[in-house]
Amino acid sequence: MATVIPTRWAQRERGPVKAATGQKKAASERPAQKRVGASAEPAAAAVETAEQSGVRSVQRALDILTLLTEDRPTVSIREIVEATGLAKTTVIRLVSTLEQSGLLWATSGGYMAGPGLWRWAHLAQSSWELPPETQRLMRELASKHRETVNVYVARDIFRVCIAQQESPQPLRHVVHVGDELPLWAGASAKVLLRDASEAMLARIARSSPYGAGHVKRLREWIDEAATQGYAVSHGERDEGLSAVAAPILGRSGTVVAALGLSGPTLRFTESRITEFAADLKRVARHISDRGFDHPLGTSH
């Protein structure tokens with residue numbers, strides 16, 4: 001089966017000490033005040049250093065967990081050292097902590113995802129799972145048009161796939177639920193960025209292969225998608241991959257998600273794109289009218 005798969009202290013001048021008794025007393029107190037400040041400075045620096053070290057440890061632990069994938073369900077200490085560049089002693093310490101927390105599980109072949117992740121996985125699934133009616137509509141779209149159906153939401157400069165119904169065809173486009181894709185290209189991105197700020201568009205443009213100047217093209221794409229009610233892309237991110245997407249709106253009328261169809265460009269002819277767009281807009285409007293809610297869009 002073939003598939004198309006496409007991170008102070010300021011010193012103050014001291015004036016001359018005069019002969020008056022009260023002034024001498026005040027002057028004698030100054031060194032004590034300075035000593036207090038001097039001791040506070042390294043203390044504050046120590047707290048800041050400890051916080052930075054804690055953040056680094058958390059990031060390193062997450063980096064280790066992200067090495068586990070469907071293609072690589074277990075990972076060894078050596079593989080972690082090679083992938084992260086960390087010292088072996090540091091890796092062993094982090095892995096031991098993750099194992100004690102139930103996030104990793106030691107096997108004869110290496111470390112696999114631990115049972116402690118089940119609780120988080122269940123919580124994520126229950127929080128992000130779309131209503132049965134929306135899932136049914138996605139299945140119907142995939143069955144009718146025989147292309148993969150996805151729902152994406154924006155997270156910072158990325159779009160995250162939160163639901164997917166695969167195409168029944170051998171040659172198809174597939175991503176995984178939870179995958180992050182860039183927002184600098186793609187039909188879903190053009191739809192999701194409709195309400196984005198200028199500062200956000202600038203950040204997204206800088207993250208693209210085209211640099212800051214890409215922001216002009218982004219605005220053109222966004223305006224075109226807003227005018228026609230859907231967006232189209234052909235090979236913008238992956239050669240040979242096309243997509244059509246329509247916006248799902250929140251209660252305030254802002255875009256909270258994108259409903260899209262994607263597949264090989266050779267099957268996305270002009271006539272089929274017209275059909276895709278009509279059905280996507282109809283279904284997206286129905287989902288919007290019924291109320292679309294997810295963890296990143298509860299404020300809309």
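The residues of the chain are indexed from 1 along the displayed sequence. We use all heavy atoms of the structure for the numbers below, so side chains are in, but hydrogens, waters and symmetry mates are not.
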Under a 4.5 Å side-chain heavy-atom rule over Ile, Leu, Val, Met, Phe, Trp and Tyr, are Val177 and Leu68 clustered together? no
Give a yes or no on whether Leu192 and Val175 share a hydrophobic cluster (residues Ile, Leu, Val, Met, Phe, Trp, Tyr; joining criterion: side-chain heavy atoms under 4.5 Å apart). yes
Under a 4.0 Å threshold between the charged nitrogen and the carboxylate oxygen, would Arg217 count as salt-bridged to Glu236? no
Quick check on side chain to side chain donor-acceptor pair (under 3.5 Å): which of Arg172, His173, Glu147 does Ser262 satisfy it with? His173
Pairwise distance NE2(His234) to CZ(Phe268) - rounded to 0.5 angstrom: 8.5 Å
For a quick test of reading the model, state the closest non-hydrogen atom pair linking Ile222 to Arg194 and the distance between them. CG2-CA, 3.6 Å
Non-hydrogen atoms of Pro247 and Val255 that approach each other most closely: CB-CG2, 4.0 Å
Between the side chain of Gln228 and the main-chain N/O of Tyr230, is any donor-acceptor distance below 3.5 Å? yes
Nearest 0.5 Å please: distance from the OG1 atom of Thr227 over to the CD atom of Glu224. 8.0 Å
Any Glu133 side-chain heavy atom under 4.5 Å of His286 side chain: yes
Within a radius of less than 6.0 Å around CZ of Arg290, do more than 12 heavy atoms belonging to other residues, nucleotides or ligands occur? no
Is there a side-chain contact between Pro209 and Trp184 in this structure, where contact means two heavy atoms from C-beta onward sitting under 4.5 Å apart? yes
Work out which heavy atom in Leu103 is nearest to a heavy atom in Gly116; give both atom names and the distance. CD2-C, 4.2 Å
I need the minimum non-hydrogen distance between Val283 and Leu137, along with the two atoms involved. CG1-CB, 3.9 Å
CZ on Arg72 to OG1 on Thr74, rounded to 0.5 Å: 8.5 Å
Arg282/Asp279 ion pair, N-O < 4.0 Å: yes
Does the Ser143 side chain pair with the main chain of Arg139, one donor and one acceptor, at a distance under 3.5 Å? no
Does any N or O in the side chain of Arg159 come within less than 3.5 Å of the main-chain N or O of Glu180, such that one atom is a donor and the other an acceptor? no
Side-chain donor/acceptor of Gln164 to backbone N/O of His176, under 3.5 Å: no
Residues in side chain to side chain contact (heavy atoms under 4.5 Å, CB included) with Ala61, at least two apart? Leu98
Would you please indicate if the ring centroids of His145 and Phe276 are separated by under 6.0 Å? yes
Nearest heavy-atom pair of Asn150 and Thr148: which atoms, and what distance? OD1-CG2, 3.4 Å
Taking the side chain as every heavy atom from C-beta outward, state whether Leu67 and Glu79 have any pair of such atoms under 4.5 Å apart. no
Kindly work out whether a path of hydrophobic side-chain contacts (I/L/V/M/F/W/Y, heavy atoms less than 4.5 Å apart) joins Ile64 to Trp105. no
Can you tell me how far apart CG (Leu280) and CZ (Arg285) are? Round to the nearest 0.5 Å. 11.0 Å
Looking at Arg136, I want to see if its CZ is surrounded by more than 12 non-hydrogen atoms of other residues, nucleotides or ligands under 6.0 Å. yes
Let me check something: do Leu65 and Met112 share a hydrophobic cluster, defined by ILVMFWY side-chain heavy atoms less than 4.5 Å apart, either directly or through other members? no
Sequence neighbours excluded, which residues qualify as side chain to side chain contact (heavy atoms under 4.5 Å, CB included) partners of Thr269? Ser271, Arg272
Look only at the side chain of Lys190 and the backbone of Val232, and say whether a donor-acceptor pair between them is shorter than 3.5 Å. yes
Minimal heavy-atom distance between Leu201 and Ala196, with the atoms involved, is CD2-CB, 4.0 Å
Backbone N or O of Ala187 within a donor-acceptor pair of the Ser233 side chain at under 3.5 Å? yes
Working to the nearest 0.5 angstrom, can you tell me the gap between Ile80 CD1 and Leu94 CG? 9.0 Å
Please check this pair: side chain of Glu166 against backbone of Val174, looking for a donor-acceptor N/O pair closer than 3.5 Å. no
Would you find a donor on one side and an acceptor on the other, under 3.5 Å apart, between the side chain of Gln169 and the backbone of Arg146? yes
Hey, what do you get for CD1 (Ile248) to CD1 (Ile287), rounding to the nearest 0.5 Å? 4.5 Å
Test of understanding: with side chain to side chain contact (heavy atoms under 4.5 Å, CB included), list the residues that count as partners of Asp156, not counting sequence neighbours. Met200, Arg203
Side-chain contact test, heavy atoms from C-beta onward, threshold under 4.5 Å: evaluate it for Thr89 versus Arg93 and give yes or no. no
